[in-house]
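The basis for the numbers below is simple: all heavy atoms, side chains too, and nothing from hydrogens, waters or symmetry mates. Everything quoted here is computed from the prediction, not taken from an experiment. Proteins come first, then strands; the chains are lettered A, B, ... in the order of their sequence lines, and each starts at number 1.
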Amino acid sequence: MDLVNLGIKSIFVDNMIFAYFLGMCSYLAVSKKVSTAIGLGAAVVFVLTIIVPANWMVQQYILKESALTWLSPQFEGMNLEFLQFIMFIAIIAAMVQLVEMIVEKVSPALYGTLGIFLPLIAVNCAILGSALFMVQRDYTLAEAAVFGTSSGIGWMLAIVALAAIREKLKYSNVPSGLKGLGLTMIITGLMGLAFKSFIGIAL
Amino acid sequence: MSTEVAEEKVVKKSEALFSKRRKKLVADPLNEDNPITIQVLGICSALAVTVKMEPTIIMALGVTFTIVFSNLLISLIRNFVPNRIRIIVQLAVVALFVTLVSEFLKAYNYPMYKVLGAFVGLIITNCIVMGRLEAFAMGNKPYDSILDGFGSGLGYAWIILAVSFFREFLGSGSILNFKVFQALGIPYVNNGLMVDSIGAFMILAIIIWVQRTKTGYVEQ
Amino acid sequence: MRQSNTYIVIFTLITTVFVGGTLAVTSILLGPQQAKSIEYDTKSQILSAVMQLSDEDDVLGIYDKRIKSLVVNYNGEEVTTDSKGQPLVAEKVDVSKNYKLSREERLLPVFRYMSESDPNKVEAYILPVYGNGLWDRIWGFVALGEQLETMKGVSFGHKGETPGLGARISDDPVIAERYQGKKIYDDKGKLVSVSMVKGEKGEPLDEHHVDGMSGATMTGNGVNRMLMEYLTCYESYFKKVKSQRMAGL
Amino acid sequence: MKLIRKQFDSLKPHFEKGGKWEKFYYAYEAFDTFVFSPNTVNEVKGSQIRDAIDLKRLMMTVIIAMVPCLLFGIWNVGHQHFLAIGNPGAAPGDKIWVGLVQVVPIIIVSYAVGLGVEFIFATIRRHPVNEGYLVTGMLIPLVMPPDIPLWQVALATIFAVIIGKEAFGGTGMNVLNVALTARAFLYFAYPSDISGDVWTYLGDATPVAGFSGATPLSIGAASLTTGENVVSSLNQFGAGWADGIFSFSNLFFGAMPGCIGETSVLMCLIGALILIVTGVGSWKIIVSVFAGTYLAGLGMNMIGANEFMLMPAAYHLVIGGLAFGAVFMATDPVTASQTETGKWIYGFMIGVLSVIIRVFNPAYPEGVMLAILLMNVFAPLIDYYVVRANKKRRLQRATV
Amino acid sequence: MGKFIRIKKGFNINLAGKAAPKVSSLEHADTFAIKPTDFNGMYLPKVLVKEGDTVKAGTPIYHDKRHSNVVHVAPISGEVVEVKRGEKRKLLEIRILADKQVEHINFKKYSVSEIANLSADDAQKAMLEAGVWPNIIQRPFGIIADPASKPKAIHISAFDTHPLAPDYSVIFKGQDQYFQTGLDVLKKFTSGSVNVNVHTTSEISSVFSQAQGVELNKFSGPHPAGCVGVQIHHIDPVNKGDVVWTVNPFGVIQIGKLFLNGVHDASRTIALVGSEVKEPQYYKTYTGASIKNLIEGRLTNDHVRIISGNVLTGTSVGKDGYVGCFDNYVTVIPEGDYYEFLGWIAPTAKKVSFHRAFGLLSFLAPNKEHKVDSNTHGEPRAFVQTGVFERVTPMDILPTYLLKSIMAEDIDEMEELGIYEVVEEDLALCEFVDVSKHNVQQIVRQGIELLQNS
């Protein structure tokens, strides 16, 4: 039940976009068409599902204070947390590369839809952000897995809804200074307003 | 190859320390080519930390520091970086400087370190930094890269400072934690929306609106 | 040349060593200062429950002089070592982690605020509290008077309460003031804690209630739950202290 | 009439191209077309006749549908005032007077500020003043608490019109319902003035002993902590000063505290009747919102984990602003789903989400407003899939 | 066996001034005109005659530069008096001063058995030569059929549901034999079916009901049931890449007459209808008749709009204009160039409306005949989707989305949303009911042209 709760919370309440503004660059850039938004969104869900637990392992068994005791007791008290950023980002980059290669081999069809988005993802702050939040919030492995997937779903939901709105707005006469980024900001803000309805929901 | 280098040297000799071109490197990102409002980069952290001005200043300094030094380092080693792994090398360099920022912050301003939390780490994925490395530092000389990084950093800084000014002023009735309205004796009801993330979107959108109307930039 | 595998591997190795080395050195150099910062932060939070701190104050000095800390368990017994046999330091006990455990298993730090004139006389007991507000976690420190009957002061913190409503628990000094002097035991000696009422009337209330925050009943309820829970946890310790004091007299 | 027309005709050249007030043409146009239907005729090719309807008349129909709610609301504000100060027997005239004094300024501020912004934008951006605000300007007061500070009404209106509408290019383009944007703005910007005990106008008077400004929704939410039966709490509420104020029949009739215009389900249903008969409001949306709410209510009953969940489903239909939201907010043609299939999904989801937010989110007992906003956000996505289904049908047909 | 299709969505606009079933002959008109503007997708008409030339009925007058084999011919004999051009020298009309007695060019005559054995190529050649080919309109696009195209079916709408439309059993009375011959010829061009679509609610004229060798489909319901696009959608929709042909009954009959009589016969019965006509009725004349001749002394007042065709899709031609070549009637309504005090709110039962919004009471008396003028009743506004377009479009098409995609010039989207299935007239009702007063038909044509030129 707690996991379900965490999932719903990560999708709607602690939404990567509306609550933490993470992954905004690709969110703003790749939200002009619903079909591409779905592609990118799916890629983010996919990658987050793999990477958050992977980074959890790294944090738990390498970086954390006294984490390396499983190798030898003499590492007791050793703290490698200063390597956290670099390790996480390296793992994300490597994983994305790996995922890209595996997907290309295993399912060319899936690669067709996700492939072009995967390189974009390495620098998507939502990914690194999720990894860092996972550490900050002290999740267990199961929680980390749920958190990763549902953060991705929340992000996907946001970008797909935004894309649908932007497709609808193709036809409108927006003030020229607001075209593109400005209006997208406003829409995102207003979407955030609507998403607030979920804040505080506890099942 | 060698002739090219020679030519470059000639240009370098004749160029002043603050030549027009170099001033432009710094000045352009402030307005006409602003990383946030025009290039649509680095929005993530621009929004998340801007509730109050104080953390925003720290963030702006952190980002500027990171861009300048990563630009410098990458520019120094640009001729040695294998093309295939250049992105990961760039990431590593950025991560290095971000970790430095984070460690220093933890040591000398712990309360801010707590406030900024994960967002210091997220400077790594701030697209401005990566963008400048890829677009500028990989192909330019160290000194120019520093200037370019400095310009981008400032362009980023003034936007997020403006956002945080309005958010703190309207949302908490204060400037740099100084309660303005209270001091003036004016009754002011804080606007809760400004403290919320929504306020950040709105303020940034309005800044973009005003700024783009002034510069006449229209996105297609 | 630059694209050959050997070159790439060597380049990667050099980069890794350089980056890792730099970071390791920095980390070692900054380590002590970081530890000090964290210590300063924790201690000023603890002290803020009983005194208004300003930037000029020598927090660490005051703390060293005035605070004597210990860790107790649910039964009120002092605990000196953790499960692995390591010595326990009250300041290092992570309240949020203990919150996840059952009440009986929690480690409960107590920070005794000693009198300035008599270093052996306890002026206040400062206890950490932790719980959930409306949106996210809330925490704080409660200072009880030497008789362990009245509240001397509170300081709260929160992660995401509604600005202007629930967030007032930390932003609005008036809220903390309301708790001062309130009693946690009723006439029959039963622990009733101090609760915040619904609605803000602006009128003084009886000694077990404080005025509420308009529009933030849910946060108020969270604070009430948090106080009640932690006071209950410490109740055995209170009894013990009281009985020792009786015996001492 | 001819005299007025002459005045307009003599002024017109000044506003037309080359005239001295050329800039203000659209402001002039707004006034002119307000007083006189224009003399424009159809083009040479194409439809030579046009339906007698225009946007103004369409909007007028919606406003007329809101009139019962407004009138009842004015009386109710006064009625609640006298109930709360212990004088329920006050003359109806007095009640209406108190109501008028409270409500009319809000309406004036809403229209003056909103239309002001519209005119400024029309002048700067050189587009016609749109009639959309006629409805929005009336909706905003109806969803406000009776003692909302006027400056907040003004601020919310400015925010909603600029950010919620003009930024998108004006009427017909906005994504979120403008009136709801105004209310949500206040809800998050100045929460203390639009939540809690603000639903009864007290003025300077001291309330009668036992008075409580609670609403049925807050009683429902409170049951989560107290564990009391919601229906019996509702029935007992108001004992001594307003007996049976939350009985089912009175919840339906609407003589209870709440937003100015949204307390009475009965009046909303009259409005719904007007909208449905005239075809201006989509009956599909209205019906599906009610259906969604009721079914979700039944579902909650079946889970029955707490007292609020156990509240009979029919109560969900009469408490809070559900009826008002379903009839006047959800049906906004601009922000609702625009495909016919989409409307069913859209309405149904509003109903379901309203109940979910009410029951599961203790912070926002008024779930309808947020549910509609949320579905406003997702309406384009629903439409996207409905349209795609249409495209798919066409494509499949071709390959068969 | 034909289909029976019930159309539910739509709206019949009940206007005053229906034609009485009385056919009078008209005094012979002075001038006739043929207008390239009657045809969509005309690229660049090249005139083949000069002012002063004498022509016979059937003499080629012009052809489109892109399709030089599709000639447009004179409907009557006489002297070319004016080649009228508009802006940018756009060819508007070619006026012919008519002889008292029409002289025909004689083309080859065929017997019934000859027709049966005629090859499609020969038939096509004869039709092109005699200028009856432009009767064949191709979907998509609603342009003159490309002689090289192979239609998957041919559709003939044998009824007209537009407001004040004439009764086909009056105007095509006694043409059974020609109609049948026309069908026999058309059948040669397609491997698919030839559909003749009739309306069930009125009595079907024997001209159509006796037709042999075709699919006879029955439709019921309000306008736009009579629009051939709607009928095609329900019988056998046009998909991307498909071509179908549509011919109106007059065209079929003209083709029949060519083969049986060997002449280009442009004689036809047209109706003069509308609230401003003293005695609405039918008149015998030729294609391209002048309006002046038709209305002289037959109108109740002067301040009118004269429309060649119907009030939904027609063209305002003015008193000096000419009847369009596809139009079987001329509608005269009051011109609406007046201001109305508080016209947007005053309750009225006089104005006709599909809506029942506040004060629009016309729905109370559905059988009342209304007098409607050309006022727009409102100003153009941004699109507000009230869902009303869908209620007057009896096709599985989302008109609002289609129109928006056209306005955004998104060709892929237009294709997917069914632009191939519509021409202006199919969505004309949308234009009528639109509260935002858009020129829907213009938008549709823009979209089609965009598609053609892409």
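Taken from CG in A:L193 to CG in B:L193, the straight-line distance is 6.5 Å, to the nearest 0.5 Å. To the nearest 0.5 Å, atom NZ of residue B:K106 and atom CD of residue A:E81 are 6.0 Å apart. From A:L190, atom CG reaches atom CZ of B:F201 across 10.5 Å, with rounding to the nearest 0.5 Å.
Put simply, the side chain of B:L122 reaches to within 4.5 Å of the side chain of A:L128, judged on heavy atoms. Put simply, the side chain of B:T125 reaches to within 4.5 Å of the side chain of A:I89, judged on heavy atoms.
Of the listed residues A:F82, A:F18, A:Y27, A:F88, the one with more heavy-atom pairs under 4.5 angstrom with chain B than any other is A:F82. Interface summary for chain B: among A:I127, A:L181, A:I17, the most heavy-atom pairs under 4.5 angstrom belong to A:L181. Among the candidates B:L96, B:T213, B:V98, the residue making the largest number of heavy-atom pairs closer than 4.5 Å to chain A is B:V98. Most heavy-atom pairs under 4.5 Å with chain A: of the set B:V94, B:V120, B:T99, this distinction falls to B:T99. Between chain A and the residues B:I87, B:I124, B:L100, the largest count of heavy-atom pairs under 4.5 Å involves B:I124. Between chain B and the options A:L178, A:L83, A:L132, the largest number of non-hydrogen pairs under 4.5 Å is found for A:L178.
Within a 6.0 Å sphere centred on OH of B:Y110, heavy atoms belonging to other residues, nucleotides or ligands number more than 12. Within a 6.0 Å radius of NZ in B:K114, other residues, nucleotides and ligands contribute more than 12 heavy atoms. For B:F150, the CZ atom is loosely surrounded, since the number of other residues' heavy atoms within 6.0 Å does not exceed 12. Open room surrounds CZ on B:F104; 12 or fewer heavy atoms of other groups in view lie less than 6.0 Å from it.
Across all their heavy atoms, A:I186 and B:A205 have their closest contact at CG1-CB, 3.4 Å. Between A:A93 and B:I88, the shortest heavy-atom contact is CB-CD1, 3.3 Å. Minimum heavy-atom separation, B:S102 to A:F85: CB-CE1, 3.7 Å.
Contact annotation for A:L28: only side-chain heavy atoms (C-beta onward) come within less than 4.5 Å of a heavy atom of chain B.
By the salt bridge (Lys or Arg N to Asp or Glu O under 4.0 Å) test, B:K24 is found to be paired with B:D28, residues two or more places apart in sequence or in another chain being considered.
Looking only at distances, no side-chain donor or acceptor of B:R212 sits under 3.5 Å from a matching main-chain atom of A:G182.
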